[in-house]
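Every chain is numbered from 1 and lettered A, B, ... according to where its sequence line falls, protein lines coming before strand lines.
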Amino acid sequence: MAAQDYNQLLRSPQFQELVRQRTRFAWTLSIVMLVIYFGFILLVAFAKPLLATKIGGGVTSLGIILGLGVIVSAFVLTGIYVQRANSRFDELTRHLTREIL
Amino acid sequence: MQGFDIANPPFDRLTHQESEELRAGLDVGYFAPGEVIIPRGRSSDWLHVVIKGSVKVRDDSTVPTVLGPNDSFDSRALVHGAAGEDFVAVEETLCHLIPRRIVVDLIRRNAAFAAFFYADVSRKLDAFAGQRKAEGMDSVLRTRVRDVRYRPAVYVDGGISIEQAGRCMRDNDVNALFVRDGGRIGVVTGMNLSKAAVLLRRPLEAPVRDACHFDVVSVGLDDFVFEALLMMTKHDKRRLAIRSNGDYVGFLEDIDILGLFAGNSQLIPGRIERARSIDDLAGAAQAIGAQVERLHRQGVKVDVIAEMTSDLNRRLFRRVFEMSAPTTVREAGCLLLMGSEGRGEQTVRTDQDNAILLDRDVPVSDLGRFRDAFSSALDGFGFPPCPGNVMVRNPVWSQSLDGFIRQLKAWVLRGDPEAMMNIAIFVDAVAVTGSADVLIRAKAALFELMRGETALLARFASLIGTFETPNLGVLSTIMASVGAGPDGIDLKKAGTFPIVHGVRTLAIDRGILETPTAARIEALVRAGTLEPAFGRELTGALHVFMEFRLRSQLLALHTEELGSEAVLRLDGITTVERDILRDALRVVRQFRELIGSRYKLGAF
Amino acid sequence: MPRLLILAIATLVALDASSSNVLAAGPDLGAVQKQPLNWTAIIMFLVFVLGTLGITYRAAAQTKSAADFYAAGGGITGFQNGLAIAGDYMSAASFLGISGLVFASGFDGLIYSIGFLVGWPIVLFLIAERLRNLGKFTFSDVASFRLDQTQIRILSAVGTLVVVAFYLIAQMVGAGKLIELLFGLDYLYAVIIVGVLMIVYVAFGGMKATTWVQIIKACLLLAGATLMSLIVLWRFGFSPEAMFAEAVKVHPKGDAIMAPGALVADPVSAISLGLALMFGTAGLPHILMRFFTVSDAQAARKSVFYATGFIAYFYILTFIIGFGAITFLMNDPSFFKLGAGGAYDKVKDILGGTNMAAIHLASATGGSLFLGFISAVAFATILAVVAGLTLSGASAVSHDLYAEVIARGRASEQKEVNISKISAIVIGIVAIFLGYIFENQNVAFMVGLAFAVAASCNFPVLLMSVLWKGTTTRGALIGGLLGLVSAVVMVVLSKAVWVQTFGFARELFPYDNPAIFSMPIAFLGIWAFSKMDASNRAKIEVAAFDAQYIRSETGIGAAAAHVH
């Protein structure tokens with residue numbers, strides 16, 4: 001592929017649409033993950049007593065529930081991304097590829 | 001004469017007595033640069049053996065072969081009376097000249113020499129290797145006359161003219177006729193007719209009975225070939241009548257017997273070239289298959305069999321193409337044979353991978369007509385169709401160069417198993433007709449597309465790890481003896497495929513155009529990728545697997561147990577063979593390790 | 001094979017019955033402080049280790065046509081590949097290490113589990129897709145798309161070797177402790193045995209970290225951990241609350257185990273650890289490959305999804321196992337090294353150290369048979385991971401350093417294979433040495449350091465070369481080296497190494513994990529030195545970004561820029 005082909009592709013609305021959608025989606029999810037995780041870490045760092053709070057009158061602490069929540073959220077976020085990428089983004093890429101070849 | 005090297009094959013097969021005779025008749029010839037030693041289509045009175053200098057074999061379709069010292073040429077000009085190519089001195093060249101008379105005499109007396117000579121691949125062919133020497137000869141000599149492809153009997157009346165007899169010979173494509181004259185039956189040969197007309201100056205209207213002889217020497221239809229050979233020698237005849245139930249049913253010529261030894265390698269091309277219709281070619285196609293078995297029985301090495309077979313197949317496909325393609329397609333198209341056929345490694349015919357690349361547009365109707373005609377011709381030969389539909393019939397495999405390069409791009413982009421298979425099949429392609437340049441351009445495009453595709457190459461390479469390569473070491477032998485180990489080895493999975501595919505991957509990676517695995521290995525050695533010693537081992541191992549495979553394929557053809565034909569049963573081989581196999585498997589494992597490390601396949 | 005297995009198990013059960021008597025009547029080894037050999041467990045161990053490692057044999061399917069050959073290679077589903085990724089990632093170090101951390105300090109272990117897990121979504125969102133599109137699966141291949149491959153390969157080889165070294169320490173300590181405990185050997189000999197075994201595997205063929213090996217390993221590990229957790233939960237009527245309550249009662253730290261504690265004493269260490277764990281995954285040399293073992297991008301994404309599920313599930317299990325170990329083991333003196341008068345520290349005195357908590361729990365919940373099984377699975381896992389790591393390290397030396405840099409692409413493949421084998425041997429010897437000197441470190445902690453190095457060198461270079469147009473070779477090289485060196489220096493000067501291993505009085509670097517400092521150093525270094533790079537080469541590299549960008553977003557275009 002020659003340089004002008006690259007330029008043409010870079011400017012093509014389909015390419016820009018794909019990149020824009022995917023980048024935004026991926027970064028959104030990444031930031032959500034980062035916020036959840038570092039939120040948890042910051043609580044560990046600065047709010048130990050809060051995490052030690054007991055839940056439901058037993059010995060189980062809020063920290064354990066939140067920790068499990070982080071684990072579950074990682075799994076769920078991955079699922080959301082895969083679902084979206086395997087349908088929407090792949091379709092966009094396919095369109096683009098068909099255009100080029 | 002001194003200086004003639006009798007250790008040089010095929011002369012090493014001669015007895016002391018025979019080589020003395022040969023030496024006694026030797027002459028030496030000098031040829032100036034550019035001099036045509038034997039023009040195509042001419043006969044030659046000598047067998048030339050190069051002493052010094054070099055000789056180019058010119059054939060308009062292929063790159064010329066160059067013969068050097070100790071190479072001999074040209075058996076075809078000598079025996080068939082027509083050279084297949086031009087033989088031209090490249091530089092000042094000295095040759096030993098062996099008179100035709102002596103060669104023919106030696107061929108008649110020494111079957112080993114004959115077989116060698118007729119296979120015409122003497123430089124490469126180490127035919128009667130080891131223990132199979134006797135077996136190979138023996139099986140030919142113990143063939144019955146009825147199993148030889150002899151010439152059918154054509155009867156004429158003694159009263160017809162010499163001219164009519166000559167026409168009859170030509171129309172029936174025979175060299176001799178039976179002549180009924182009253183109660184007796186005589187024989188007239190083409191040579192008899194010529195002598196009568198030219199030397200004895202008989203008029204062409206003279207009755208043929210005057211030219212024929214009635215002391216017919218014959219052999220029974222159920223006699224052995226060696227009996228026929230004995231009789232030919234005893235009566236100094238090149239041709240025997242064949243009798244069955246008191247009738248003559250045909251002629252057996254020395255050339256037919258030699259054809260047995262030589263596997264008809266000289267005869268099939270003639271049949272292919274002479275063919276006037278697809279039906280004529282069907283017979284030749286059958287003959288190619290039959291020849292494989294015969295050559296193998298004679299102990300010809302498998303790489304030579306494969307080379308000869310693929311050469312014949314290419315001629316066959318070229319003819320089919322010429323017959324079935326409309327002019328437009330013929331001019332624009334480059335017919336490709338791919339897969340094992342393209343690598344020249346197919347012996348027993350399996351599936352056919354073929355394609356056509358067009359370097360300019362042709363009318364759609366012409367292309368459609370060609371696809372149908374070509375495919376139905378192959379169907380008519382009984383060639384198994386390709387299960388993956390990699391055939392001219394499939395539009396993917398018959399399109400313009402530009403379209404095909406786009407297709408290659410799509411495959412590289414997709415990289416799924418099907419795409420990888422198609423890439424693998426294509427990279428093994430050879431052009432059998434038309435402009436080979438089209439193919440080279442397509443391959444160059446593929447190599448460029450694959451450049452830097454480390455992940456795709458790795459995944460491509462990882463296929464060699466799909467199947468285990470078993471170890472035939474002491475432990476597995478013990479295990480097998482108590483029934484706990486493998487009792488058979490899948491030659492294709494354990495041996496051939498890993499070698500062929502690994503070498504193919506390296507070839508793509510390095511942009512090597514050659515297709516035969518052995519040639520690719522040589523190129524890789526030259527490029528420094530493989531070390532020479534290992535390259536030799538690898539080629540050797542490949543031939544071991546091909547040899548065993550051919551053996552079990554032939555067995556399977558007879559027992560009709562197709563499907564398991566790639567499995568070699570370990571209890572069916574000798575200890576020596578087992579050692580050879582073990583060694584070959586070791587080389588494959590070493591090679592897999594090398595590929596594994598090269599493409600970081602640890603994780604696959 | 002199944003018949004053989006049943007026979008072996010039957011024998012073991014018989015042995016178990018008799019040996020427990022022997023145990024009861026066994027001599028008091030007193031000062032030596034070694035348990036008599038548990039033959040049942042040992043035999044079970046050997047049977048299973050050989051079984052798992054020997055399982056690479058696959059029944060050969062009938063293949064008739066070429067298509068079958070090609071399909072066989074790409075026929076792995078996203079689910080299977082997910083299992084393989086999980087198998088690769090769930091090293092025994094994290095199994096033994098995290099359950100050991102939970103055993104020692106409860107909640108703190110969870111911080112590690114979470115950190116190891118959350119790297120995956122980030123890898124998927126930001127890295128995996130682009131790598132697949134680029135068609136490259138090693139860090140050096142990606143970075144050399146437009147940067148100078150010779151310099152990049154030097155950096156990548158050094159980075160890879162350091163990461164491998166830290167990761168290997170963790171695996172060696174885990175395996176060494178396991179062998180020490182099981183066979184009653186001295187730790188030094190145990191580590192040597194593990195190292196030699198690993199060298200034999202890697203250098204003389206055999207073990208490969210193939211997809212199927214990883215799948216089988218993952219299944220065994222998940223099955224074993226599930227079973228152990230079920231037994232633990234069953235004892236508490238499947239009420240985690242009851243389990244926690246009991247643990248709080250038994251553990252010397254009492255209620256403190258339910259909240260963050262001493263493990264992440266200060267905020268800086270906590271955040272630093274978090275950064276390392278989250279971003280280290282993407283920089284590990286052997287992980288990225290798995291996006292390419294399936295043929296299409298969809299399956300590759302799905303496999304990360306399944307892998308995240310399996311890994312999450314597994315870490316939840318290790319948490320339960322850790323608490324199970326507290327409740328099952330702490331009041332049973334037979335698992336501890338007894339001091340004068342039978343007194344023992346419920347954490348420090350556990351036989352083999354806290355890394356062995358899960359192993360002891362297997363014995364407590366399922367007897368010698370289960371002990372043998374879990375030990376074997378853990379050991380086989382370690383060997384597989386170690387083999388994979390050693391291969392990565394060896395290939396860094398043989399391919400990146402030797403073939404590409406020293407021989408400039410003119411080495412024959414055989415030569416490369418030989419160099420790779422020699423490197424594997426050297427790496428093995430180094431691993432034995434390091435494994436020996438780091439004997440008393442928690443293995444999860446050591447893995448955390450490996451992640452910190454990966455996050456400070458490989459990850460920044462990878463991310464910047466793919467995402468930032470301005471990255472140049474000089475920037476990547478200097479920035480990457482700065483990250484690498486600072487990470488390593490800070491680790492060496494930290495308490496774990498400087499004080500606990502080298503025996504100095506005071507640590508020179510106050511925090512446990514360097515990532516919070518070394519990662520910014522790397523990123524800043526790459527940025528600053530790229531900006532300052534005014535060479536012609538740099539201009540070409542920046543210009544080549546567009547081609548790389550398109551390719552990384554869509555998979556379209558050439559796989560290498562025309563820079564070189």
Side-chain angles (χ1 to χ4, degrees), chain A residues 1 3 5-7 9-10 15 18-19 22-23 25-30 32-34 36-38 40-54 56 58-64 67-68 70-75 77-79 81-83 85-86 89-90 93 96-97 100-101, chain C residues 78 106-108 110-111 113-115 117-118 120-122 124-126 129 133 240-242 244-245 247-249 255-256 258-261 264 266-271 273-275 278 297-298 301-302 304-305 307-309 311-313 315-316 319 543 546-547 549-550 553-558:
Chain A
M1 210 184 265
D5 293 334
Y6 283 125
N7 282 330
L9 187 57
L10 275 178
F15 175 77
L18 167 70
V19 171
R22 191 170 51 204
T23 309
F25 189 63
W27 278 106
T28 310
L29 289 184
S30 300
V32 170
M33 188 73 251
L34 286 168
I36 292 177
Y37 178 58
F38 282 100
F40 178 74
I41 292 290
L42 290 175
L43 287 180
V44 167
F46 296 107
K48 285 182 188 167
L50 175 69
L51 292 182
T53 318
K54 298 296 174 196
V59 293
T60 309
S61 64
L62 180 64
I64 286 177
L68 292 177
V70 177
I71 291 181
V72 172
S73 73
F75 180 63
L77 287 177
T78 314
Y81 179 84
V82 171
Q83 207 281 329
N86 279 3
F89 300 147
D90 269 6
T93 314
L96 193 64
T97 315
I100 305 275
L101 285 180
Chain C
F107 179 86
D108 287 353
L110 195 58
I111 299 172
S113 314
I114 293 171
L117 182 70
V118 292
W120 279 103
I122 297 295
L124 177 66
F125 303 156
L126 298 182
E129 197 88 41
N133 282 336
E241 171 63 26
F244 291 142
V248 166
K249 220 184 298 166
D255 201 35
M258 300 308 290
V264 277
D266 57 290
V268 175
S269 283
I271 297 166
L273 178 67
L275 282 171
M278 186 163 207
Q298 305 211 339
R301 293 187 198 109
K302 274 188 203 155
V304 177
F305 173 64
T308 315
I311 296 168
Y313 172 67
Y315 283 146
I316 292 172
F319 196 62
D546 283 351
Y549 176 61
I550 290 172
E553 293 292 342
T554 62
I556 300 168

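When all heavy atoms of C:L117 and A:A74 are compared, the pair lying nearest together is CD2-CB, 4.0 Å. Counting all heavy atoms, side chain and backbone alike, C:A245 lies closest to A:V59 at N-CG2, 3.3 Å. The shortest heavy-atom contact between C:G274 and A:I41 is CA-CD1, 4.3 Å. Scanning both residues, A:T78 and C:P121, for their nearest heavy atoms gives OG1-CG, 3.7 Å. Nearest heavy atoms, A:A45 versus C:A270: CB-CB, 3.9 Å. For the pair A:A26 and C:F125, the tightest heavy-atom approach, listed with the atom from each and the gap, is CB-O, 3.5 Å.
Here C:I316 contributes atom CD1 and A:I71 contributes atom CD1; the two are 5.0 Å apart, rounded to the nearest 0.5 Å. Note that CG of A:L96 is 6.0 Å distant from OG1 of C:T554, once rounded to the nearest 0.5 Å. Expressed to the nearest 0.5 Å, how far CZ of C:F319 lies from CD1 of A:I64 amounts to 4.0 Å. Summarising the geometry, atom CZ belonging to A:F89 is positioned 8.5 Å from atom CZ belonging to C:R301; distances are rounded to the nearest 0.5 Å.
For A:F75, the parts sitting under 4.5 Å from any heavy atom of chain C are the backbone and the side chain alike. Residue C:Y313: no heavy atom, backbone or side chain, is found under 4.5 Å from chain A. For C:L124, the parts lying under 4.5 angstrom from a heavy atom of chain A are both the backbone and the side chain. The part of A:F40 that comes within reach of chain C is its side chain, from C-beta onward, which places non-hydrogen atoms under 4.5 angstrom from that chain. Contacts between C:F107 and chain A at a heavy-atom distance below 4.5 Å involve the side chain alone, from C-beta outward. Both the backbone and the side chain of C:L275 come within contact range of chain A, each with at least one heavy atom under 4.5 Å from a heavy atom of that chain. Looking at A:N86, the atoms closer than 4.5 Å to chain C (heavy atoms on both sides) sit in the backbone and in the side chain alike. Contacts between C:I122 and chain A at a heavy-atom distance below 4.5 Å involve the side chain alone, from C-beta outward. Of the two parts of A:L18, only the side chain, counted from C-beta on, holds a non-hydrogen atom closer than 4.5 Å to a non-hydrogen atom of chain C. When heavy atoms are compared at a cutoff of 4.5 Å, C:V304 approaches chain A by way of both its backbone and its side chain.
A 4.5 Å side-chain heavy-atom check between C:F305 and A:Q83 finds every atom pair outside the cut-off.
Highest contact tally toward chain A, considering only C:Q298, C:M258, C:K302, is held by C:Q298 [criterion: heavy-atom pairs under 4.5 Å]. Ranked by heavy-atom pairs under 4.5 Å with chain C, the list A:V72, A:L68, A:L42, A:L34 is led by A:L34. When each of C:G115, C:A256, C:P240 is checked for heavy-atom pairs under 4.5 Å with chain A, C:G115 comes out on top. Of the residues considered (A:L43, A:I36, A:L51, A:T23), A:L51 shows the highest number of contacts with chain C, using heavy-atom pairs under 4.5 Å. Options A:V19, A:V70, A:T93 differ in how many heavy-atom pairs under 4.5 Å they form with chain C, and the most are formed by A:V19. No other option in A:G63, A:A52, A:P49 has as many heavy-atom pairs under 4.5 Å with chain C as A:G63. Comparing A:L29, A:L77, A:L62 by heavy-atom pairs within less than 4.5 Å of chain C, the highest count is held by A:L29.
Side chain of A:S61 to backbone of C:A259: no donor-acceptor contact under 3.5 angstrom is found. Here the side chain of A:R22 pairs a donor or acceptor atom with the backbone of C:E553 at under 3.5 angstrom.
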(message) Using side-chain contact (heavy atoms from CB on, under 4.5 Å), reason through A:V44 and C:D108 one step at a time and then give a plain yes or no.
(response) CA-CA 9 Å; A:V44 167; C:D108 287 353; 5.9 Å; no
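The aromatic rings of A:F15 and C:Y549 lie perpendicular to each other, with more than 60° between the two planes, well past the 30° mark.
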